[in-house]
Amino acid sequence: MDQSSSRYSTKTASSNTLAFLNGSARDIAPQLLGYIFERTLHNGTILRGKIVETEAYDQTDTASHSYRGVTPRTEIMFGPSGHLYVYFTYGMHYCCNVVTGPTGEGAAILIRALEPLIGQEDMELRRSRHGIELTNGPAKLCQALAIDSSLNGQDLHNSPLRLIVPAKRDKVEIVQTTRIGISTAKDVRWRFYYRNNSYVSKMRG
DNA sequence: AGCGGGATTTTCT
DNA sequence: GAAAATCCCGCTT
């Protein structure tokens, strides 16, 4: 494996390049910033967005779906890392996570915001919005990229939704703060985002 | 700019 | 039966 070519070319993640997901969600969540989601629709349309906001959830965490153990909903979180966990909430919204940790541990990273790179026009049709409103929230980005329960459990190495290693690391400051929309563990600072990126959800200022 | 309510269904107590 | 890792709209300031 040629180190320089993997560092400077944008290519589909091999099983090797996503091996870093087999660790703690807390540590991986900031590392996932800058990675790229590539969605291939049934008609062949390619959509891409860069991850700019993440939140970690693990089994020790009262706010995590996995806290109370394996259920029909959470079994994907307990499966192998590098797969996608999609859940449905509030009767109308999907949110998506990247599963982390070894098989048997229930952990995942919620993707809260993307910066669109390719396919903005297609996202606009699905969202009926434009600009930052395409992908500045966990359910918004799922609607923009047509992510629903049919993708739950898919392998991010090779599926209609793939995780791509960035060509080069962004030189952007990462902010660490508390998570959004939860009623317990409000003080746990497991939310990470790129400072000053306009696609981050609930930006103030 | 900020608050309040409605939508709508899966999941777990 | 209540809450939910949310979003959107309308009203008030």
Side-chain angles (χ1 to χ4, degrees), chain A residues 21 24-33 35 37 49 51-79 81 83-101 105-116 120 123-154 156 161 163 174-194 198-205:
Chain A
L21 295 175
S24 92
R26 158 65 183 79
D27 293 337
I28 295 165
Q31 298 177 39
L32 213 49
L33 298 174
Y35 277 68
F37 263 168
I51 297 171
V52 297
E53 179 181 359
T54 58
E55 286 181 358
Y57 290 87
D58 76 21
Q59 208 171 339
T60 69
D61 169 18
T62 58
S64 174
H65 292 168
S66 59
Y67 180 65
R68 294 174 202 287
V70 179
T71 67
R73 178 172 67 162
T74 63
E75 63 175 346
I76 300 299
M77 289 183 75
F78 290 83
S81 64
H83 287 231
L84 189 72
Y85 166 50
V86 180
Y87 69 88
F88 185 69
T89 192
Y90 291 101
M92 54 172 64
H93 298 302
Y94 294 99
C95 297
C96 69
N97 298 247
V98 173
V99 175
T100 62
E105 284 187 16
I109 297 168
L110 174 68
I111 307 303
R112 285 198 57 90
L114 298 177
E115 177 182 328
Q120 286 94 332
M123 299 180 197
E124 288 169 3
L125 293 175
R126 208 171 290 99
R127 286 279 301 137
S128 300
R129 294 288 186 285
H130 57 85
I132 65 171
E133 289 297 324
L134 290 179
T135 51
N136 66 343
K140 296 177 187 180
L141 71 89
C142 283
Q143 186 180 22
L145 270 62
I147 296 169
D148 61 24
S149 56
S150 70
L151 295 179
N152 189 34
Q154 293 271 320
L156 290 168
L161 184 67
L163 189 61
I174 294 174
V175 179
Q176 175 177 359
T177 183
T178 54
R179 296 171 296 181
I180 289 182
I182 54 176
S183 57
T184 68
K186 289 181 174 180
D187 52 330
V188 175
R189 302 188 356 136
W190 285 359
R191 177 181 178 225
F192 302 88
Y193 62 86
Y194 276 168
S198 57
Y199 289 89
V200 172
S201 69
K202 299 189 178 180
M203 288 274 289
R204 36 191 174 277

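Naming: A, B, ... by sequence-line order, numbering from 1 per chain.
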If you write DNA chain C from 5' to 3' in dot-bracket form, with Watson-Crick or G-U pairs under 3.5 Å, [ ] for crossing pairs and | for pairs with another strand, what do you get? ||||.|||||||.
Looking only at side chains, do A:Gln143 and A:Arg127 share a donor and an acceptor under 3.5 Å apart?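 Their side chains do contain a donor-acceptor pair, which is all the 3.5 Å distance test asks for.
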Tell me yes or no: between the side chains of A:Ser24 and A:Asp27, is some donor less than 3.5 Å from an acceptor?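 A donor-acceptor contact under 3.5 Å links the two side chains.
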Using a heavy-atom cut-off of under 4.0 Å over every strand shown, decide if [X] touches base, sugar-phosphate, or nothing.
X: A:Arg68; result: sugar-phosphate
X: A:Ile182; result: sugar-phosphate
X: A:Ala139; result: sugar-phosphate

First and last nucleotide of DNA chain C in contact with chain A, 5' to 3', at under 4.0 Å to a heavy atom: what are they?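 The protein-touched segment is C:dA4 to C:dC9.
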Least distance between heavy atoms, A:Gly131 atom then A:Tyr199 atom: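 Smallest interatomic distance, heavy atoms only, reads O-CE2, 3.8 Å.
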Counting heavy atoms from C-beta on, name the nucleotide in B:dT11, B:dT9, B:dA7 closest to the side chain of A:Tyr90.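 The answer is B:dA7.
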Contact nearer the 5' end of DNA chain C, comparing A:Gln143 with A:Ala108: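 Its nucleotide being nearer the 5' end, the pick is A:Ala108.
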Send over the distance from [X] [atom1] to [N] [atom2], rounded to a whole Å.
X: A:Tyr87; N: B:dT8; atom1: OH; atom2: C1'; answer: 16 Å
X: A:Glu75; N: B:dT11; atom1: CD; atom2: P; answer: 11 Å
X: A:Phe88; N: B:dT9; atom1: CZ; atom2: P; answer: 6 Å
X: A:His93; N: B:dA7; atom1: NE2; atom2: P; answer: 13 Å

Give a yes/no on whether any side-chain N or O of A:Thr71 is located under 4.0 angstrom from OP1 or OP2 of B:dC12.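 Checking B:dC12 against A:Thr71, a side-chain N or O does come within under 4.0 Å of OP1 or OP2.
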Atom CD1 of A:Ile51 and atom CD of A:Gln31: how far apart are they, to the nearest 0.5 Å?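 With rounding to 0.5 Å, CD1 (A:Ile51) is 12.0 Å from CD (A:Gln31).
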Answer yes or no: is there an ion pair linking A:Arg179 with A:Asp61, defined by an N-O contact shorter than 4.0 Å?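 Here A:Arg179 pairs with A:Asp61 in a salt bridge, since their nearest N and O are under 4.0 Å apart.
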